[in-house]
Colleague: 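Can you read through this structure? Questions will come right after.
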Amino acid sequence: MTSTLQPADTTEAVTRPGRWLALSVLVLAVLLVAVDATVLGLATPYISEDLKPSGTQLLWIGDVYSFVIAGLLVSMGSLGDRIGRKRILLVGATAFGAISVLNAYATTPEMMIAARALLGVAGATLMPATLALIRNLFHDPRERSLAVGIWGATASAGTAVGPIVGGFLLEHFWWGSVFLINLPVMAVLVLVGIRLLPESRTPNPGPWDLPSVVMSLVGMIGVVYAVKEAATHGITWESSAVGLLGAAALYGFVRRQLTLPAPLLDMRLFRNRGFSGAVLADLLTVLGLSGLVFFLSQYLQLVQGRPPFEAGLAELPAAVGAVVAGLVAGHAARRFSVRAAVSGGLAVIGLALASLTVLDQSTGYPLLGTALLFVGVGAGLSFTVTADVILGSVPKEQAGAASAVSETAYELGAALGIAVLGSIVTGVYSGFTAPAGTPAGAHESLGGALEASTTMPPATAQAMLASAREAFTEGLTLASATGAAVLLATATAAWFMLRNQHLDSHPASEPTADQPT
């Protein structure tokens, strides 16, 4: 008999058969996004050689996906709450696979940037839906912690599978093949998801407010674009104007949400200190990591001369550490505390990044592999626990919105990290001392320098490449130092913001009307 003190659907959710099989479908979507994110870094040298993008275009190829997805995550999370989380997940996965083909066959830098932007639109539907469905499938806190751990471990596994499979494909096929690996994963997700995933939506959610969608998109893209441009070219009238427009749009978005009877995003979520602390920790952590991740594959291939497959294997320790740590993160947070798990994980990442400040062109793999292992362990601990805190701190009818905020922080951090830390690398690199006769394109990117070297006399080319590789490595170590400082500061902030947080705590009200269908 169901207790009158416990919502009936909560008991049903705890005992619902097939929820673990349903989770296996959800993690396929996570795998899809993780693989796509990691193979781009490996493919960048080949894209540079084939499409010949400028340095700015190369950064846009790397971060436009994050710009668009950050601007649309809240809107898509809210849309899933309204039309059905299963429906938007399956539609988004289908679109993600189809647009991956467009990425694979891009013939110009502009076409590649547009294709990555469209992929961001499709990607915005996936991550909030997966976390929201986990929140609705698993109401028991310990089961949910394990489910979130598996979800995070799969994302980390994708970061390992992506470089290895992508490296193999790059050694045997053209660079577009790395995007086509999304297709079989998408096909399995859709075909199996139709049968296994339960549908759920928020009852009586109100209309999907289009002005809020536009303000969210304009605001996020405007602010991130302004930061990127200021980091790359300094503060200009144009970047300042776009940044002010973005800030005004975000201000209007917040004001509008506070007045709507059924807002796209309930701003009262941020009154929960645990929710706000976890979101902020995610944003700053990804900001500190993403610039390093984006350029590390180029360091392994273009500086140390590793083939793509070997470069992919070299990044494996980070994924292994994250998978293991993610699976035990919930237990660690209960055994010690939430803030100890999160702050400890962030401090480990910060110290690992600090160790990379001694990199040079001939640094041996033991140092690099050990640092990556500890980066993975720290990320697995912190990201898994913060995701659990975010999901557990809201009623399940708001799971889509909360998940979208979590993923928005992640993607915004990635965009800002690539913009700021990536611009540090690019800024240091572009000023390298080059011998007379070096083409201007050599200063745009290290890939451009390698291409330019094929048209130069051998002795001149060798001197130019030595200088270019040294400058690139200097930029990477400076970005690592900046990332380490950000991570250690975030670890300190998380220690105070996440005090008294517990994974077993329930939100004040657990609504009963969020019905699976």
Colleague: Do L346 and W495 have side chains that get closer than 4.5 Å, going by heavy atoms?
Modeller: no

Colleague: Using atom types as modelled and distance alone, determine if a side-chain donor or acceptor of T125 lies under 3.5 Å from a backbone N or O of V121.
Modeller: no

Colleague: What heavy-atom pair brings F253 and M215 nearest, and what distance separates the two atoms?
Modeller: N-SD, 3.7 Å

Colleague: When rounded to the nearest 0.5 angstrom, what is the spacing between CG in L353 and OG1 in T482?
Modeller: 10.5 Å

Colleague: I want to check something: taking the side chain as every heavy atom from C-beta on, are T285 and L487 in contact at a cut-off of under 4.5 Å?
Modeller: yes

Colleague: Is it true that a side-chain atom of T386 and a backbone atom of F383 form a donor plus acceptor pair closer than 3.5 Å?
Modeller: yes

Colleague: Can you give me the closest heavy-atom contact between S276 and F270, atom names plus distance?
Modeller: OG-O, 2.6 Å

Colleague: Would a 4.5 Å heavy-atom cut-off, applied to side chains only, mark L217 and S75 as touching?
Modeller: no

Colleague: Within the structure provided, determine whether W20 and E143 are in side-chain contact (heavy-atom separation under 4.5 Å).
Modeller: yes

Colleague: Under a 3.5 Å distance rule, please check whether T477 uses its side chain to pair with a backbone N or O of V358 as donor and acceptor.
Modeller: no

Colleague: Quick check against the 3.5 Å criterion: does T259 have a side-chain atom that pairs as donor or acceptor with the backbone of R256?
Modeller: yes

Colleague: Check whether any side-chain N or O of S216 sits under 3.5 Å from a backbone N or O of S212 as a donor-acceptor pair, and report yes or no.
Modeller: no

Colleague: Return the minimal non-hydrogen interatomic distance between M267 and Q257, and the atom names on each side.
Modeller: CG-CB, 3.8 Å

Colleague: Do the side chains of F96 and L119 get nearer than 4.5 Å, heavy atoms only?
Modeller: yes

Colleague: Say you draw a straight line from CE of M76 to CD1 of I83; how long is it, rounded to the nearest 0.5 Å?
Modeller: 9.0 Å

Colleague: Can you name the nearest heavy-atom pair linking G350 to A484, along with the distance?
Modeller: O-CB, 3.3 Å

Colleague: Just how far is it from atom CG of L126 to atom CG of L189, taken to the nearest 0.5 Å?
Modeller: 7.5 Å

Colleague: Check the pair T384, D388 against side-chain contact (heavy atoms from CB on, under 4.5 Å), reporting the backbone distance first and the verdict last.
Modeller: CA-CA 6 Å; T384 303; D388 205 345; 5.8 Å; no

Colleague: Show the nearest heavy-atom pair for residues I349 and V375, with the distance to one decimal.
Modeller: CG1-O, 3.7 Å

Colleague: Do L498 and V385 make a side-chain contact, defined as non-hydrogen atoms from C-beta onward lying under 4.5 Å apart?
Modeller: no

Colleague: Enter the distance from N103:CG to I113:CD1 here, rounded to the nearest 0.5 Å.
Modeller: 11.5 Å

Colleague: Measuring from L421:CG to S480:OG, what's the distance to the nearest 0.5 Å?
Modeller: 8.5 Å

Colleague: What are the two closest heavy atoms between V348 and F374, and how far apart are they?
Modeller: CG1-O, 3.2 Å

Colleague: Within the side chain of T492, is there an N or O that forms a donor-acceptor pair under 3.5 Å with the backbone of L488?
Modeller: yes

Colleague: Judged by atom type as modelled, is there a donor-acceptor pair below 3.5 Å linking the side chain of R334 to the main-chain atoms of H331?
Modeller: no

Colleague: Please round to the nearest 0.5 Å and tell me the distance separating atom CG of L316 and atom CG of L372.
Modeller: 10.0 Å

Colleague: Do L300 and L368 have side chains that approach each other closer than 4.5 Å (heavy atoms only, starting at C-beta)?
Modeller: yes

Colleague: Quick one: are V190 and I194 in side-chain contact, heavy atoms under 4.5 Å?
Modeller: yes

